[in-house]
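Below, chains carry the letters A, B, ... as their sequence lines are ordered, and counting in each starts from 1.
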There are 2 protein chains.
Amino acid sequence: MRSSTKTPAKPRGRPRAYEPEQAIAHATEAFWHAGYAATSLDALSEATGMNRPSLYAAFGDKHALYLAALDRYIAAGRAAIDAALGDDVPLPRALKRMYDSALAMYYPPDDDARGCFLIGTAVTEAKDDVEVREKLGAGLRLFDHGIEARLQRAKALGELDADADPAALAGIASAILHTLALRSRAGDSRAALRATAAAGVQLICGKAAEKGGAANRTRKRSGGS
Amino acid sequence: MRSSTKTPAKPRGRPRAYEPEQAIAHATEAFWHAGYAATSLDALSEATGMNRPSLYAAFGDKHALYLAALDRYIAAGRAAIDAALGDDVPLPRALKRMYDSALAMYYPPDDDARGCFLIGTAVTEAKDDVEVREKLGAGLRLFDHGIEARLQRAKALGELDADADPAALAGIASAILHTLALRSRAGDSRAALRATAAAGVQLICGKAAEKGGAANRTRKRSGGS
DNA sequence: TTAATTTTGTTCAATATAGTACAAAAACAT
DNA sequence: ATGTTTTTGTACTATATTGAACAAAATTAA
């Protein structure tokens, strides 16, 4: 039962000294630092602990490895968005949680601010590299759709006005995410970006957005003045 | 009178075969395409028409040339923002004009979409390169302040609510600009980004924002329904 | 016309990088 | 134990790239 899904019988020859998932994770870190073009295969070799021929055998060339790193990051990003927006927390809180979760990635505890891997590295390559451009575009759209789904639910639940446009608002919410992704790498402080995110949430959700934190769970969504 | 300001008397030796301003402009184009790391000195040499020794003599190394290109672009960007927001056009119109002016740069008439030079190339380098990071941060702030100044005027003129926070709104308006900068390079259509910009303008200016385009120049800023 | 000055253009050396070839090593199958 | 298979690790080649050296060219000053 397990042999057909996970382990294809038994691997025949010398066992690999690395775990593919881990290797891609470490390669991602390397690309994240210097970007795609400035990251040499030697740097990737050192980051993954694999020597160059093993890298080629396992992933193909540098480009293929980068695409694999993008795929992995995009999937994790979408999962993080869904996790932040998932359970039935009020919309402003959920959005703030999403932005905080992003900032936690953009400001690693032990290193300098690095921003978003996708935006911080793929945007540069996207101009001349069709595969990167399409992966980047698809990734951004995937994030959009995760947010849009939550906003659609919010509209259905009355958390948003009846005439609200979830798709358009998702575009704005994504724009806030993008500015965080950029500015964290550009040297802005985490506190400043939290404030930007909060301002964005307030604008998206309307003036009635909670301000005191956990206090007003049962806030009113007034429509008048 | 002119000798001390523009032309320092007369240049002594062989005249240069290039104009520094033009050379930086062409170098900018080259960097814009492939990014900083992937642009070789040979590519810069070809783009500028200068051979490598002349490049070194004129600007120093590749890094210094890139910084000069960033400076020039940032100054032009600020000028474009001020021009778009300058005269006394209503706020929503002015913001849309700013975004349109940005999109005109991001989608060159004769080439593929290229996005924003600053965001499309400097963000990647910013992580490990202090000078680029500081220039990028200063550039983004310069743009912010241009927008914020207009929003402050808008508040004084009653175009924004009395309790509006111009600085915070400028952060949002910049975020919209950033998302356009990214997404244009990521393959999004210009029409889609114009719609995103319009949605952002509407949210920033309030529901009373104009919708009909050039038709309602004399719209009312009603407070009611 | 001659000297001085600055830029240009060719050439070269040093290094880095990508990609591959090939032998050694570590496992399984018989 | 012996052979087969797959991965590892070293070494090598080809190319690209940076940065500088140096002679030729174009101009002004005397």
Side-chain angles (χ1 to χ4, degrees), chain A residues 2-4 6-24 26-27 30-31 33-69 121 124-125 128-129 131-132, chain B residues 2-4 6-24 26-27 30-31 33-69 121 124-125 128-129 131-132:
Chain A
R2 197 200 306 161
S3 64
S4 66
K6 196 82 181 186
T7 315
K10 287 159 192 170
R12 201 56 165 67
R14 174 172 177 169
R16 40 177 65 139
Y18 60 93
E19 288 189 66
E21 167 68 23
Q22 279 283 315
I24 295 182
H26 288 134
F31 283 129
H33 276 271
Y36 172 75
T39 302
S40 69
L41 273 173
D42 282 336
L44 291 168
S45 178
E46 188 174 10
T48 57
M50 302 163 64
N51 45 32
R52 236 166 322 130
S54 294
L55 275 174
Y56 279 102
F59 306 108
D61 58 2
K62 175 177 153 183
H63 192 253
L65 177 54
Y66 180 62
L67 292 179
T121 69
T124 296
E125 304 305 317
D128 287 340
D129 187 326
E131 294 176 283
V132 170
Chain B
R2 198 199 309 162
S3 63
S4 65
K6 197 82 179 186
T7 316
K10 288 160 192 171
R12 197 64 159 60
R14 175 173 177 170
R16 38 177 66 139
Y18 61 93
E19 287 190 66
E21 167 69 22
Q22 279 283 317
I24 295 182
H26 288 135
F31 283 129
H33 276 271
Y36 172 75
T39 303
S40 70
L41 273 172
D42 282 337
L44 291 168
S45 177
E46 187 174 8
T48 58
M50 302 163 66
N51 45 30
R52 235 163 325 128
S54 294
L55 275 175
Y56 279 104
F59 305 108
D61 57 3
K62 174 177 152 181
H63 192 254
L65 176 55
Y66 181 60
L67 292 178
T121 69
T124 295
E125 303 305 316
D128 288 339
D129 187 325
E131 293 176 284
V132 170

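- Taking 4.0 angstrom as the limit, A:S54 places a side-chain polar atom (N or O) nearer than this to OP1 or OP2 of D:dT8.
- Out of D:dT5, C:dT6, D:dG9, the shortest distance to the side chain of B:R14 is found at C:dT6.
- Residue A:D42 contributes atom CG, which lies 13 Å from atom C1' of D:dT10 at whole-angstrom precision.
- Taking CD of A:E46 as the start and CZ of A:R52 as the end, the distance is 12.0 Å to the nearest 0.5 Å.
- Going from atom CE of A:M50 over to atom C1' of D:dT10 covers 16 Å, rounded to whole Å.
- Distance from the side chain of A:Y18 is smallest for D:dT8 among the nucleotides C:dT8, D:dT8, D:dG9.
- One finds the CZ atom of A:F59 at 7.5 Å from the OG1 atom of A:T48 (value rounded to the nearest 0.5 Å).
- The NZ-C1' distance, from A:K62 to D:dA16, rounds to 13 Å in whole Å.
- Nearest-nucleotide mapping onto DNA chain D: of B:P15 and A:R16, the residue sitting toward the 5' end is A:R16.
- For B:Y56, counting side-chain heavy atoms from C-beta on, the closest listed nucleotide (D:dT8, D:dG19, C:dA18) is D:dG19.
- Side chains of A:T121 and A:Y66: a donor on one and an acceptor on the other come within 3.5 Å.
- B:D42 and B:S45 form no side-chain donor-acceptor contact under 3.5 Å, judged by distance and modelled atom types alone.
- Between B:L55 atom CG and D:dG19 atom C1' the separation is 12 Å, expressed in whole Å.
- The side chain of A:R52 lies closest to C:dG19 when the candidates are C:dA26, D:dT8, C:dG19.
- In the set D:dA29, D:dT7, D:dT18, D:dA29 carries the atom at the smallest distance from any side-chain atom of B:R12.
- Listed candidates were D:dG9, D:dA20, C:dT17. Nearest to the side chain of A:P53 is D:dG9.
- With DNA chain D read from its 5' end, the first of the two nearest nucleotides for A:A17 and B:D61 is the one closest to A:A17.
- Rounded to whole Å, atom C1' of D:dG19 lies 16 Å from atom NE2 of B:H63.
- Regarding A:L44, its CG atom lies at a distance of 11 Å from the P atom of C:dT17, rounded to whole Å.
- The side chain of B:N51 sits closest to C:dT10 out of C:dA21, D:dG19, C:dT10.
- Atom CG in A:L41 sits about 15 Å away from atom C1' in D:dA14, given to the nearest Å.
- Between B:L65 and B:F31 there is a side-chain heavy-atom pair separated by less than 4.5 Å.
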